[in-house]
Amino acid sequence: MNRTSLVSATLLLAALVAGCSRQTDNTVKASPQQVQAARQQQASDRELLDEIPPPAKSRYMAIRQKGAWDNPFLTVSSKTVSLRVMNPPPPHTGSMTGSFLQPVSARRNRLELRLSDLPEALASIPQDRWPYGRVIAVEEDPHEGRANRVQVRRNVETTLQMLNNLGVVAYEWPGAR
């Protein structure tokens with residue numbers, strides 16, 4: 001990533017995360033403290049995510065069903081981002097199997113987030129919830145109306161840029177293309 005796009009992404013993140021002051025000409029201006037805080041937060045989130053190993057493409061490229069995807073999964077809508085995280089199956093003990101005690105649907109956690117909260121949310125996901133490495137599936141919300149498609153696509157592009165800045169590989173879900 002070149003320095004210009006990193007600076008613009010940082011300024012965008014600063015404007016989204018921190019409170020902004022509006023000037024009279026309707027432009028958004030972040031204070032130097034807000035920009036510095038956003039840079040520090042982004043660096044901190046990136047450090048945490050860098051502890052997750054790089055993605056293993058051979059492990060995730062063959063997956064075609066959402067239910068079989070074990071890494072975090074993002075569904076981007078016009079106003080929010082839905083983050084799905086799978087808890088690992090419980091250990092097998094004795095004669096009872098783990099899937100009987102906790103089916104896949106019970107291991108799924110779903111969070112509705114503002115786009116600006118995504119980096120912090122991803123950084124807080126434990127390393128064992130990333131079995132394919134530092135890769136996340138991204139799809140456009142299939143339930144969004146036709147009138148919102150342009151905004152959804154803008155949010156997807158912003159999400160992809162955020163993921164790139166964080167060093168997370170974005171795998172656009174096959175149904176989203």
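All heavy atoms count here, side chains included; hydrogens, waters and symmetry mates do not.
Nearest heavy-atom pair, Ser78 versus Asn155, reported as atom, atom and distance to 0.1 Å: O-ND2, 2.9 Å.
Pairs engaging residues 122-131 under the side-chain hydrogen bond (donor to acceptor under 3.5 Å, both in side chains) rule: Asn87-Arg129 [sequence neighbours left out].
Interatomic distance, Met162 CE to Asp45 CG, rounded to the nearest 0.5 Å: 10.0 Å. For the atom pair CD of Glu139 and OG of Ser77, the computed distance is 11.0 Å after rounding to the nearest 0.5 Å. Rounded to the nearest 0.5 angstrom, Ile63 CD1 and Trp173 CH2 are separated by 6.5 Å. Within the model, atoms CG of Leu111 and CG of Asp117 stand 10.5 Å from one another, a figure rounded to the nearest 0.5 Å. Expressed to the nearest 0.5 Å, how far CZ of Arg46 lies from CG of Leu49 amounts to 8.5 Å. In this structure, Phe73 CZ and Arg110 CZ are separated by 8.5 Å, a value rounded to the nearest 0.5 Å.
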Practice task
Show your working on side-chain contact (heavy atoms from CB on, under 4.5 Å) between Asn71 and Tyr60 and close with a plain yes or no.
Solution key: CA-CA 9 Å; Asn71 260 30; Tyr60 71 84; over 6 Å; no

Practice task
Start with the C-alpha gap between Val138 and Val76, add the side-chain angles, then the distance that decides, and say whether side-chain contact (heavy atoms from CB on, under 4.5 Å) holds.
Solution key: CA-CA 7 Å; Val138 179; Val76 182; 4.0 Å; yes

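The shortest side-chain heavy-atom distance between Leu74 and Leu118 falls under the 4.5 Å cut-off. Residues Arg114 and Val81 have side chains not in contact (no heavy-atom distance under 4.5 Å, counting atoms from C-beta outward). No side-chain heavy atom of Met86 sits less than 4.5 Å from a side-chain heavy atom of Asn109. In this structure the side chain of Leu113 never reaches within 4.5 angstrom of the side chain of Thr80, judged on heavy atoms. Looking only at side-chain heavy atoms (C-beta outward), Met61 and Tyr171 come within less than 4.5 Å of each other. When side chains are defined from C-beta on, Val168 does not count as touching Ile52, because their heavy atoms never get closer than 4.5 Å. Between Leu115 and Thr158 there is a side-chain heavy-atom pair separated by less than 4.5 Å. Between Arg134 and Pro53, the closest side-chain pair of non-hydrogen atoms is not below 4.5 Å.
Surrounding CD of Glu120 are at most 12 heavy atoms belonging to other residues, nucleotides or ligands under 6.0 Å away. Atom CZ of Arg149 sits in a crowded spot, with more than 12 heavy atoms from other residues, nucleotides or ligands closer than 6.0 Å.
A donor-acceptor pair shorter than 3.5 Å cannot be found between the side chains of Thr75 and Arg84.
Residues Leu166 and Leu160 fall within the same hydrophobic cluster, defined by Ile, Leu, Val, Met, Phe, Trp and Tyr side chains chained together at heavy-atom separations under 4.5 Å.
Each of Arg153, Arg154, Gln161 was checked for a side chain to side chain donor-acceptor pair (under 3.5 Å) with Glu157, and the lone residue meeting it is Arg153.
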